[in-house]
**Q** 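Provided herewith is a single structure, encoded as structure tokens, for subsequent inquiry.
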Amino acid sequence: MAPSLKPLLLSTLCCLPLISSQALPFDPREATIASTHHSLYTGLATCRQVVSSFLSRIESLNNHTNAILSLNPHALDHADQMDSKLKANNGSFGPLFCIPILLKDNYDTVDLPTTGGNLDLADSRPSVDAPATAALKKAGAIILGKANLHELALEGISVSSLGGQTINPYDYTRTPGGSSGGTGASIAASFAVWGTGTDTVNSLRSPASANSLFSCRPTRGLITRTGIIPISYTQDTIGPIARCVEDVATALTVMSSVGFDAADNATALVPAGNKGTDYTASLTQGSLKGLRLGLIEGFFNRTASSETTPVNEAMANITAKLRGAGATIVPITDRLYNATAIAALDTQRYEYREEMDHYLQRPSLQGQHPDTLNQLYASGKFLVLPSQYEYVTTSLVSSTANQTWETHLSYDTVQYGIRNLTTALQETFVSNSLDALIYPEQKNLVVKIGSPSQSGRNGILAALTGSPVITVPVGFSPATNTAPEGVPIGMEILGRPWTEEQLLQIAYGIQGLGRVRKTPSWAQQVVGVKAYGSVPSVTPDRGNIPAAYPVGVL
Ligand SMILES: *[C@@H]1O[C@H](CO)[C@@H](O)[C@H](O)[C@H]1NC(C)=O
Ligand SMILES: *[C@@H]1O[C@H](CO)[C@@H](O)[C@H](O)[C@H]1NC(C)=O
Ligand SMILES: *[C@@H]1O[C@H](CO)[C@@H](O)[C@H](O)[C@H]1NC(C)=O
Ligand SMILES: *[C@@H]1O[C@H](CO)[C@@H](O)[C@H](O)[C@H]1NC(C)=O
Ligand SMILES: *[C@@H]1O[C@H](CO)[C@@H](O)[C@H](O)[C@H]1NC(C)=O
Ligand SMILES: *[C@@H]1O[C@H](CO)[C@@H](O)[C@H](O)[C@H]1NC(C)=O
Ligand SMILES: *[C@@H]1O[C@H](CO)[C@@H](O)[C@H](O)[C@H]1NC(C)=O
Ligand SMILES: *[C@@H]1O[C@H](CO)[C@@H](O)[C@H](O)[C@H]1NC(C)=O
């Protein structure tokens, strides 16, 4: 292939919907920021038509996946304002001009309650937008609504007392990963162009992996966490989930543009050279040739089974392709990389109560809501998986001051262990001259509905060390009766702090090796676009919560 043709071909892979559009003014299926802007700026569609086409899909298809918690009653008004701007043609439009997005329902927005999927927070109403939400609006994004999540973002099953169980769009017997599983399922089904997530241990990466999507967990501190329902000061991050690398780059550029936020001191850590970066600018400038990628052997389960073999095969496929593109795969066999062992350093049980009490007690939080975490869990209006009981009940009595502990390490010991792990990780990079580490997000396929936990995930390494990760789709398990396209499999690409630009270039190179992502079969259908007078409402299906997860039990 002539080198000069390469960028054109690569962008074509992402930016044109794969399904023939049958002369629709705008085809929401697999739409990207670029394809949406193309329709708007060439006059093929109005912003109202774009927004209505996504609302129509949600209204008629959400019952397949139960991913949406609420729709924004102002979405069409905002679309009309965008259409006025288009008509006036006032020069420059924001990078997300009229891009319909979904927020995970732990992002504060004045448009809707922010519930965390929790019944006791059903009427909790922020009176100010989270800074990240405000940045998205300022860039022109239209918030279509809120997506379901694993309740309070505490696990990866994506079941909640307010929103019920979200169903994997590729296999109705499986969970969508999580905790940002409503976002993952929605974006896989083209209910919006892209969506937001949060990640305390795995939560941006697991739903990307389980829904054949791309995500970015940024370096801790790159994006302010103010106004996001918190869990852990040490581990929480927020970021985008999208159907192509270009859209992740645009979304990351906007979300990180907030910069320093005095209310989240981790944002002071961003080095001068990484402030205000446009992550789209250098996307095409990388090359897979000459890269040194460390493959973490300890993050695989080599016991053959229908749940693990497809993951191992997908990783063998992608490493072969990477070698073919000129990258060197360096096996990393250090026993330190054992996700189960590393998880002993998880800080959530120490930090959760303090962080939540602070979130709940802000004067700007209006509406009916508990003032403390303990009040929330005294309400009986919550869903906790049996596998989480110890962690949640412990967080109700523990704190970062906790130095006396019978069954766990003290908080200071955990923080010391994290510093040690972080140094060891940097040593792995330096001693092997690595550009990035790669491994499957999950050692096995995303678990079935009703499972006790989302087992086998490898997110803890980046979560504790604050490392950036881009997740990319790398394959599918064989098709079955319940999964006509197979179950998606994703890979993490972990870098040293503040290397998002390079990681996005690597992900872009991988995207250019050939399209892996598939549309869920039911989501391939064309949905007629309704002429809405007002935004419809959706009712989440709470009747589908598995009996294994009783509401109000601790
Ligand atoms: C969703 O609703 C439509 C229309 O009511 C129906 O045809 C379809 O079978 C439903 N699908 C599921 C998975 O419930
Ligand atoms: C277009 O720009 C002008 C000048 O900045 C402003 O007065 C006007 O309100 C704008 N029109 C729209 C529809 O935004
Ligand atoms: C940073 O903020 C956290 C949480 O708000 C606080 O506990 C910590 O003391 C602050 N650190 C510094 C160095 O100010
Ligand atoms: C590895 O996979 C096998 C087969 O699915 C499973 O039985 C086993 O529990 C897994 N091992 C670990 C450590 O998760
Ligand atoms: C990983 O760590 C767990 C928990 O410490 C341990 O039980 C397991 O044997 C370790 N796995 C390997 C392969 O060393
Ligand atoms: C430490 O944790 C224990 C629970 O194991 C709890 O009873 C105790 O109150 C905690 N102490 C502090 C200072 O948080
Ligand atoms: C620090 O990490 C090294 C591995 O790099 C390990 O051998 C050592 O036990 C760790 N020490 C502590 C206190 O965690
Ligand atoms: C691995 O690649 C082969 C050949 O392209 C393909 O048939 C298979 O489905 C791939 N496996 C997975 C799990 O993606």
Side-chain angles (χ1 to χ4, degrees), residues 56-68 164-173 185 189 209 212 220-221 224-228 230-236 260-269 300 304-324 347 350-359 361-362 399-401 411-412 415 440-446 449 466 472-480 482-491 510 513-518 520-523 525 527-528 538-541 543-544:
S56 300
R57 284 184 71 77
I58 292 171
E59 226 192 335
S60 57
L61 300 178
N62 188 45
N63 66 338
H64 288 262
T65 182
N66 194 39
I68 303 293
Q165 174 70 61
T166 297
I167 296 155
N168 189 300
Y170 294 88
D171 181 345
Y172 65 82
T173 69
S209 172
S212 200
R220 176 172 176 274
T224 173
R225 304 164 294 182
T226 301
I228 312 292
I231 303 174
S232 159
Y233 171 76
T234 303
Q235 294 166 225
D236 287 348
F260 175 67
D261 171 14
D264 178 1
N265 57 21
T267 58
L269 299 171
F300 286 77
S305 76
S306 56
E307 298 297 303
T308 51
T309 303
V311 174
N312 297 336
E313 190 185 294
M315 287 301 298
N317 283 356
I318 185 67
T319 48
K321 281 191 196 169
L322 284 164
R323 279 195 196 93
T347 60
Y350 311 82
E351 296 178 335
Y352 185 33
R353 181 163 55 90
E354 288 168 8
E355 290 285 310
M356 267 301 258
D357 288 356
H358 177 254
Y359 173 90
Q361 287 163 20
R362 294 166 307 151
S399 73
T400 55
Y411 183 67
D412 284 0
Q415 287 292 352
E441 202 291 324
Q442 191 162 12
K443 300 178 183 81
N444 39 271
L445 298 179
V446 70
I449 287 173
V472 297
V474 290
F476 280 82
S477 67
T480 64
T482 63
E485 311 286 347
V487 178
I489 296 159
M491 177 175 82
I510 291 174
L513 292 175
R515 189 176 176 104
V516 174
R517 184 183 150 64
K518 293 188 245 175
S521 40
W522 57 264
Q525 64 190 279
V527 170
V538 291
T539 311
D541 179 7
N544 74 355

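Counting starts at 1 for both ligands and their atoms, following the listed order. This chain uses plain numbering: 1 for the first residue, then up along the sequence.
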**Q** List for me each residue that meets ring pair (Phe, Tyr, Trp, His ring centres under 6.0 Å) alongside Phe476, sequence neighbours excluded, and say none if there are none.
**A**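 Testing Phe476 for ring pair (Phe, Tyr, Trp, His ring centres under 6.0 Å), a comparison that skips the adjacent residues, returns Tyr170.
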**Q** Please work out whether the ring planes of His64 and Trp522 are parallel, tilted or perpendicular, with thresholds of 30° and 60°.
**A**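 Rings of His64 and Trp522: parallel, as their planes differ by under 30°.
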**Q** Checking side chain to side chain contact (heavy atoms under 4.5 Å, CB included) for the pair Ser232/Glu355: CA distance, chi angles, key distance, verdict?
**A** CA-CA 7 Å; Ser232 159; Glu355 290 285 310; 6.0 Å; no
**Q** Give the C-alpha distance, both sets of side-chain angles, the deciding distance and a yes or no for side chain to side chain contact (heavy atoms under 4.5 Å, CB included) between Gln442 and Val311.
**A** CA-CA 8 Å; Gln442 191 162 12; Val311 174; over 6 Å; no
**Q** Which ligand 8 atoms does Pro310 reach within 4.0 Å, using its non-hydrogen atoms?
**A**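 Heavy-atom distances to Pro310 below 4.0 Å select 13 (C).
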**Q** Would you say the side-chain atoms of Thr226 and Asp264 include a donor-acceptor pair closer than 3.5 Å?
**A**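 No, Asp264 and Thr226 have no side-chain donor paired with an acceptor closer than 3.5 Å.
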**Q** Considering only heavy atoms, which protein residues lie less than 4.0 Å from any atom of ligand 3?
**A**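 Contacting ligand 3 under 4.0 Å are Tyr233, Asn265.
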**Q** I'd like to check which ligand 8 atoms, numbered from 1 as shown, lie under 4.0 Å from a non-hydrogen atom of Ala314.
**A**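 Result: 13 (C).
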**Q** I want to know if ligand 1 touches Asn63 in the polar sense, i.e. an N/O pair below 3.5 angstrom.
**A**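 There is such a contact, yes.
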**Q** Taking only heavy atoms of Phe476 into account, list the atoms of ligand 8 that are under 4.0 Å away from them.
**A**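 Taking each heavy atom of Phe476 in turn, ligand 8 has 12 (C), 13 (C), 14 (O) under 4.0 Å.
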**Q** Distance alone, cut at 3.5 Å: any donor-acceptor contact between the side chains of Gln415 and Thr400?
**A**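 No pair is found: no donor N or O on one side chain lies under 3.5 Å from an acceptor on the other.
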**Q** Which atoms from ligand 8 have a heavy atom of Glu313 less than 4.0 Å away?
**A**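 Those atoms are 1 (C), 8 (C), 10 (C), 11 (N), 12 (C), 13 (C).
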**Q** Restricting to side chain to side chain contact (heavy atoms under 4.5 Å, CB included), what partner residues turn up for Asn312, sequence neighbours left out?
**A**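 Counting only residues at least two positions away or on another chain, Asn312 forms a side chain to side chain contact (heavy atoms under 4.5 Å, CB included) with Phe300, Arg302, Thr308.
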**Q** Is the shortest N/O to N/O distance between Asn317 and ligand 8 below 3.5 Å?
**A**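 The answer is yes, given that Asn317 and ligand 8 share an N or O pair closer than 3.5 Å.
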**Q** Going by the rule side chain to side chain contact (heavy atoms under 4.5 Å, CB included), which residues pair with Asn544 if we only count those two or more places apart in sequence or in a different chain?
**A**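 Asn544: side chain to side chain contact (heavy atoms under 4.5 Å, CB included) contacts with Asn66, Gln165, Ile167, Asp541.
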**Q** Does atom CZ (Phe260) have a neighbourhood of more than 12 heavy atoms from anything else shown, all under 6.0 Å?
**A**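 For Phe260, atom CZ is crowded (more than 12 foreign heavy atoms under 6.0 Å).
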